Structures are given as C-alpha cells and as structure tokens.
There are 2 protein chains.
Amino acid sequence: MTSVDEPARSNGRIRDAARTRAEILDVATREFARAGYDGARVDEIAARTRTTKRMIYYYFGGKEQLFTAVLERAYGVIREAEQQLDVEHLDPVAAIRRLAEVTFDHHERHPDFIRLVSIENIHGAEHIAASEELARIGSPALDVIRRILAAGQESGLFTADVDAVDLHAMISSFCFFRVANRHTFGALFGRDLIAPEQREHYRTMLGDMVIAYLTAERSAR
Amino acid sequence: MTSVDEPARSNGRIRDAARTRAEILDVATREFARAGYDGARVDEIAARTRTTKRMIYYYFGGKEQLFTAVLERAYGVIREAEQQLDVEHLDPVAAIRRLAEVTFDHHERHPDFIRLVSIENIHGAEHIAASEELARIGSPALDVIRRILAAGQESGLFTADVDAVDLHAMISSFCFFRVANRHTFGALFGRDLIAPEQREHYRTMLGDMVIAYLTAERSAR
DNA sequence: CGGCTAATGTACGAACCAGTACGTTAGTCA
DNA sequence: TGACTAACGTACTGGTTCGTACATTAGCCG
C-alpha cells in the first residue's frame with residue numbers, strides 16, 4: 001500500500017509540463033461538457049488527472065481561464081478539420097453537399113464540443129470574448145463556402161441571393177440541433193436523432209434540404 | 001425602519017398560495033435561464049420574490065423539482081400556442097410556411113424557453129424524464145404538420161417521403177439555433193442572428209428552405 | 001369566536017468548493 | 001556537483017449554498 005503499485009518510477013513523480021497540461025485539458029473538456037460550467041468541479045477534474053488541483057491553478061490560473069483554454073482547443077480542432085476540406089474540385093452542387101456532410105459528421109463525432117458551445121452560449125459567449133485567440137480567427141469553412149457559392153451562382157445553378165454566413169448557419173443549425181437537443185427531442189417525441197440506423201437518413205435529408213434551397217426558383221410567397 | 005414602509009397591510013403578510021407559487025415560478029424561470037441549473041441560486045430566486053426561500057421548499061420540495069416545474073410551465077406555454085395554430089384552411093404550401101413562421105416567432109419571443117431547453121439538454125433531459133406531465137404530452141404542432149403533409153403529398157405538391165417529426169426537427173433546428181447560439185455565432189462570425197433588421201430576412205429564408213425541400217424533385221445525388 | 005391548518009418567516013447548520021500558503025523535489029545548467 | 005528554478009504536492013481556509021428545525025400567524029370553518 002505504501003509503494004507497491006508503480007513499477008519503475010522513483011517516487012511516482014515524473015516531470016512533463018506539456019503532458020500534464022494536456023492531460024488537464026483533456027479531463028477538463030470532459031468534465032465541463034458533462035456538467036456545464038458551474039456544474040463542473042475543479043476538484044473532480046484534478047482527481048481524474050495524474051496531478052493535483054494545484055497544477056490547474058499553476059497552468060491555467062483559475063476555473064474561468066481553464067474553461068477558456070478548453071474552448072480554444074475545441075475550436076482549434078474544428079478549424080483544423082475545416083482546413084483539410086477538399087471539395088473545390090467538385091461541381092458546386094456536389095461540393096456543397098459534401099461540405100454539409102463533413103459538417104454533419106464532425107458534429108456527430110464531437111458531441112462534447114457541441115455541449116461546450118451550448119454551455120458557452122448560456123454564458124453569453126463571455127469566454128470567447130475574453131480570448132484573443134478565439135476572437136481573432138474566423139472559420140476556414142466560410143471561405144470555402146464563399147468560393148463554392150460564387151461558382152454556383154455564376155454558372156446559374158444557384159439562386160443569387162444567398163450569403164456564405166447564412167448558409168453556414170443553415171447547415172450548422174441542423175447538425176447542431178440534432179446533437180445538442182438529442183435528449184429533450186427524444187424524451188418529447190420518442191425519436192433518437194442520433195440513432196445509428198437514422199444516421200444516413202438525416203445526412204441525406206440535410207444535403208437535400210440545402211441543395212433544394214440553393215437551386216429552387218423563388219416562387220410566389 | 002421597523003414598520004414604516006408598507007401602506008395598508010396588517011404586517012406586510014398576505015396569504016395567497018397561488019400567487020406565491022406563481023411568483024416563485026416566474027422568478028425561477030428567469031434565474032435558471034440566466035445562469036443555468038447549477039449557476040442558479042435558490043437564495044437569489046428567493047430574494048427576488050416577495051416571499052422567502054422557505055416557501056420554495058414548501059411548494060416545490062427542492063431545487064431539482066423547482067426546475068422541473070419551471071420546465072413544465074415553459075412547455076405548457078408553447079403547447080398552448082401550438083393549439084391555437086389555425087393554418088389548415090390554407091393550401092399546403094402556405095400552411096407550412098405559416099407554421100414555420102409561427103415557430104420562428106415563438107422562438108424569438110421566448111429566449112428564456114430556449115435557454116431552459118439548452119440547459120435541460122446539458123443535463124440529459126433528466127427532469128423531463130422525471131416529470132409525468134412532460135413525458136406524457138406530445139406536441140399539438142405535430143398533428144398539424146401530419147395533416148398538412150398528408151394533404152400536400154396527396155395533391156402531389158410535396159415529395160412523398162417526408163415525415164412530420166423530421167420536418168418539425170428541421171424547422172425547429174433553424175429557429176432554435178438562431179436564438180440559442182446567438183452569442184457564439186455573433187462572437188465568431190460577427191453577425192447578430194437576432195438583429196431586428198435581419199429578422200424578416202431569416203424568417204423568409206426559413207420558409208423558402210422548408211418549401212424548397214418539400215417541393216423539390218429529388219434529383220441525382 | 002375559538003381552534004385548526006395552510007401558509008409564512010427566521011435563523012442556522014453542514015457540506016461543499018474555489019482558491020491559496022507553504023513546503024518539496026526533479027531536472028538542468030554553469 | 002551544487003545550486004537554481006520549474007514543476008509538483010499537501011493541507012487548509014473562507015465564503016458560499018442547499019436545505020431544515022423551529023417558531024408564528026392568517027384566515028377559514030364549524
């Protein structure tokens with residue numbers, strides 16, 4: 001019980017600033033996503049780390065800053081994914097559909113990120129505002145959308161009056177809602193929006209919706 | 001300081017169970033929506049009421065049950081609004097557009113409700129699950145959608161393979177996202193989705209999107 | 001009109017929780 | 001190799017926060 005557990009290390013202590021920091025961020029991401037900002041416990045995060053609470057304050061300064069750091073990393077991940085977007089060799093219709101699918105997949109694969117964004121919205125995006133990094137950078141996907149839209153509009157495939165930010169909002173809405181509101185929607189309507197057997201259905205539905213919107217002749221109201 | 005403030009009442013105390021209960025619910029709704037479940041303070045709710053914390057526990061039992069009661073009332077409001085939906089005299093296209101607009105308006109007018117739903121999702125919809133009332137009742141809007149869809153599909157106006165729950169999800173996604181993610185979206189993309197001058201734009205966009213989806217011939221993927 | 005109960009108020013406790021004071025050690029570099 | 005600092009651990013505190021024990025009163029009903 002005293003020193004029988006750890007294999008080789010002198011006293012269980014290893015120094016690795018980068019690893020410790022990263023581990024705290026990992027655990028904090030899960031804990032904040034699990035319980036919300038106020039529901040998350042600094043002690044709980046510390047307990048799930050191989051280090052102590054002291055280190056959280058040593059590296060991040062406090063709970064608020066820790067949450068901001070968690071957000072920064074989470075947004076960093078999605079930005080990276082968007083940078084690897086390679087759809088501009090496709091025709092505009094296929095490109096938009098592919099973009100929608102990639103967004104769909106990313107939301108599905110990162111429910112913790114969705115929860116963090118929900119939480120941040122509850123708090124009025126104050127942590128994003130407090131972060132130079134997050135306030136600075138935009139979304140690589142936006143540029144891609146902008147170019148595809150321009151191509152599609154020029155060729156007459158798409159209706160003219162659509163804006164990249166709006167289209168991004170439209171696509172994100174559906175993807176976000178499906179993950180974020182999974183629980184209440186399931187409880188109230190008896191349908192699990194994340195059920196694997198429905199996945200392809202909703203993925204297609206999103207693509208159909210976006211393409212229909214972009215290619216429809218705006219008829220009479 | 002001792003008894004100089006209140007005008008007529010014997011000792012400032014008036015007994016009105018219904019009013020007290022309702023007042024607690026009102027204040028609690030705002031406080032929960034403001035700060036989230038764990039961020040909300042029972043003492044703060046009590047302080048903003050004309051009664052004391054003791055009454056919260058007297059009427060509701062605890063913080064959890066209070067939140068559940070808040071949710072029940074919030075969902076009750078939207079259910080009522082949906083019951084007054086009168087669109088079935090319109091042709092299917094106009095009816096769906098009208099339905100989308102009503103949903104849009106309701107979301108915009110009740111940001112607190114949206115926040116409560118976000119919060120409830122963070123907590124896995126456990127309060128809805130714990131509420132017989134909420135688990136029982138569905139959505140009046142769903143029946144309306146079902147009937148409009150059937151009419152539209154029968155007349156050949158709408159493509160056949162659309163389900164009422166899915167369409168409801170589609171419409172809600174957009175309306176919900178716009179309100180719920182207003183802050184992060186604004187911070188990251190510099191566009192306020194709730195800005196009054198954009199309101200008509202997004203309202204039309206939603207209608208166009210839904211109608212385009214319902215009336216498009218599903219072309220090749 | 002007296003008593004009974006629903007409704008209300010006060011004061012307090014115990015647990016919890018973010019943050020810190022202070023002490024220790026590992027690794028590096030002169 | 002010794003000393004210096006970055007990295008780490010322990011133990012504690014002060015304030016907060018949910019919840020409750022206990023006391024009180026308003027209003028109704030018989």
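It should be emphasised that the depicted structure is a prediction, and the values quoted were computed from it without experimental measurement. Each chain gets a letter, A, B and so on, in the order the sequences are listed, and its residues count up from 1.
- The nearest whole Å value for the distance from the CG atom in B/L66 to the P atom in D/dC18 is 11 Å.
- Between B/E108 and B/R203 no salt bridge is recorded (no basic side-chain N to carboxylate O distance below 4.0 Å).
- Per the geometry, CD1 belonging to B/I24 stands 8 Å off P belonging to C/dT8, to the nearest Å.
- Remark: P of D/dA7 and CZ of A/R21 are 11 Å apart, rounded to the nearest angstrom.
- Atom CG in A/D38 sits about 14 Å away from atom C1' in C/dC16, given to the nearest Å.
- For B/H127 and B/E64, the side-chain atoms include at least one donor-acceptor pair closer than 3.5 Å.
- Side-chain contact check for A/E72 and A/S131: at least one donor-acceptor pair (N or O, by modelled atom type) lies under 3.5 Å.
- Separating the CZ atom of B/R19 from the C1' atom of D/dA26 is a distance of 14 Å, rounded to the nearest angstrom.
- Among C/dT25, C/dA7, D/dG9, the nucleotide with an atom closest to any side-chain atom of B/M55 is C/dA7.
- In this structure, B/I45 atom CD1 and D/dT16 atom P are separated by 18 Å, rounded to whole Å.
- A side-chain contact (heavy atoms from CB on, under 4.5 Å) with A/T49 is found for one member of A/I24, A/L25, A/I56, A/D26 and no other, namely A/I24.
- Within the nucleic acid shown, A/A40 comes within 4.0 Å of sugar-phosphate atoms alone, with no base atom in reach, counting heavy atoms only.
- At C/dA6, none of the side-chain N or O atoms of B/Y59 fall inside 4.0 Å of OP1 or OP2 (strictly under the cut-off).
- Remark: B/R41 is in phosphate contact with D/dT17, judged by side-chain N or O atoms under 4.0 Å from OP1 or OP2.
- Sequence neighbours left out, the pairs with a member in residues 183-196 of chain A that pass salt bridge (Lys or Arg N to Asp or Glu O under 4.0 Å) are A/R182-A/D192, A/R191-B/D163, A/R191-B/D166.
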Between the protein and nucleotides 19-21 of chain C, list every N/O to N/O distance that falls short of 3.5 Å.
| residue | atom | partner | partner atom | Å |
| --- | --- | --- | --- | --- |
| C/dG19 | OP2 | A/Y57 | OH | 3.1 |
| C/dG19 | OP2 | A/K63 | N | 3.1 |
| C/dG19 | N7 | A/K53 | NZ | 2.9 |
| C/dG19 | O6 | A/K53 | NZ | 2.6 |

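- A/T29 and A/D112 share no donor-acceptor pair across their side chains, judged by distance under 3.5 Å alone.
- Close to D/dA7, at under 4.0 Å from its OP1 or OP2, lies no side-chain N or O of A/T51.
- Atoms OH (B/Y58) and P (C/dT10) sit 17 Å apart, rounded to a whole Å.
- Residues satisfying the side-chain contact (heavy atoms from CB on, under 4.5 Å) criterion with B/H106, sequence neighbours excluded, are B/V77, B/I78, B/A81, B/H110.
- Residue A/T20 has a polar side-chain atom (N or O) positioned under 4.0 Å from OP1 or OP2 of D/dC8.
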